[in-house]
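Structure record follows, encoded as structure tokens.
Values reported hereafter were calculated over all heavy atoms of this structure, with side chains retained and with hydrogens, waters and symmetry mates removed. Just so you know, residue 1 is the first one in the sequence shown, and it goes up from there.
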Amino acid sequence: MSAGDITISPSRLRAWRNGRPLNLSQTEFKLLLELARNAGTIVTRPMLIERIWGLDFMPTTNLVDAHIRHLRVKLTEHGDDPISTQRGMGYLLRA
């Protein structure tokens, strides 16, 4: 699966950016995979919480924001930030 310069192998639980391997935690990998599956469209925080953690939405949590921040650090080691924050809505992975 590819989204822009990001390549993901769900079966191998591996991801690359510009051909370089990304050292992602299991949660970061799941987040990236979910964003890539929906590349070019907004994925809301409640959707991510349900799909990644299997929880009902907790509006006071910064769970998603914290993990997205860690994912961004790793992604920007090999290029620009491909994740766009859509204020009040969610996140979008630019493809």
Side-chain angles (χ1 to χ4, degrees):
M1 167 184 300
S2 293
D5 59 4
I6 298 169
T7 304
I8 303 170
S9 174
S11 62
R12 294 175 54 198
L13 300 176
R14 299 281 314 217
W16 299 265
R17 176 119 196 247
N18 290 320
R20 297 184 181 129
L22 296 169
N23 185 23
L24 304 176
S25 71
Q26 183 177 7
T27 301
E28 292 163 349
F29 180 83
K30 288 179 182 178
L31 273 173
L32 181 59
L33 184 59
E34 192 61 37
L35 291 170
R37 284 182 175 145
N38 296 283
T41 61
I42 296 171
V43 182
T44 67
R45 286 175 181 82
M47 288 167 62
L48 290 170
I49 288 174
E50 180 184 328
R51 293 176 185 172
I52 306 302
W53 289 276
L55 304 172
D56 289 330
F57 179 59
M58 299 169 288
T60 58
T61 185
N62 70 345
L63 181 69
V64 174
D65 302 327
H67 281 87
I68 289 285
R69 188 170 38 254
H70 292 288
L71 178 57
R72 279 185 159 140
V73 167
K74 293 178 180 181
L75 290 172
T76 57
E77 290 175 0
H78 305 296
D80 294 336
D81 186 0
I83 301 172
S84 173
T85 300
Q86 305 297 305
R87 192 172 176 96
M89 297 168 62
Y91 298 97
L92 179 139
L93 182 66
R94 292 183 295 276

Compare all side-chain heavy atoms of Val43 with those of Arg37 and state whether any distance is below 4.5 angstrom.
-> no
How many angstroms lie between CD1 in Ile42 and CG in Leu35, if you round to the nearest 0.5 Å?
-> 12.0 Å
Cut-off 3.5 Å, side chains only: do Tyr91 and Asn38 have a donor facing an acceptor?
-> no
Determine all donor-acceptor pairs shorter than 3.5 Å in which one atom belongs to a side chain in residues 13-24; sequence neighbours excluded.
residue : atom : partner : partner atom : Å
Arg17   : NE   : Asp5    : OD1          : 2.8
Arg17   : NE   : Asp5    : OD2          : 3.2
Arg17   : NH1  : Leu75   : O            : 2.7
Arg17   : NH1  : Asp80   : O            : 2.9
Arg17   : NH2  : Asp5    : OD2          : 3.4
Arg17   : NH2  : Asp80   : O            : 2.7
Asn18   : ND2  : Asp5    : OD2          : 3.4
Asn18   : ND2  : His78   : O            : 2.5

Pairing of Arg94 and Asp81 as salt bridge, 4.0 angstrom limit | no
Given the rule that I, L, V, M, F, W and Y join up when any side-chain heavy atoms are under 4.5 Å apart, are Leu48 and Met1 in one cluster?
-> yes
Minimum heavy-atom distance Glu28-His67, with the two atoms named | CG-O, 4.5 Å
Pairwise distance CG(Leu31) to CD(Gln26) - rounded to 0.5 angstrom = 11.5 Å
Do Leu92 and Ile68 sit in the same hydrophobic cluster, where Ile, Leu, Val, Met, Phe, Trp and Tyr count as joined when their side-chain heavy atoms come under 4.5 Å apart?
-> no
Under 3.5 Å donor-acceptor pairs involving side-chain atoms of residues 82-90, not counting sequence neighbours:
residue : atom : partner : partner atom : Å
Ser84   : OG   : Gln86   : NE2          : 2.6
Thr85   : OG1  : Arg72   : NH1          : 3.3
Thr85   : OG1  : Arg72   : NH2          : 2.8

Got Ile6 and Leu93 here, is their nearest side-chain heavy-atom distance under 4.5 Å?
-> yes
In Å, rounded to the nearest 0.5 Å, how long is the span from CZ of Arg45 to CG of Asp65?
-> 4.5 Å
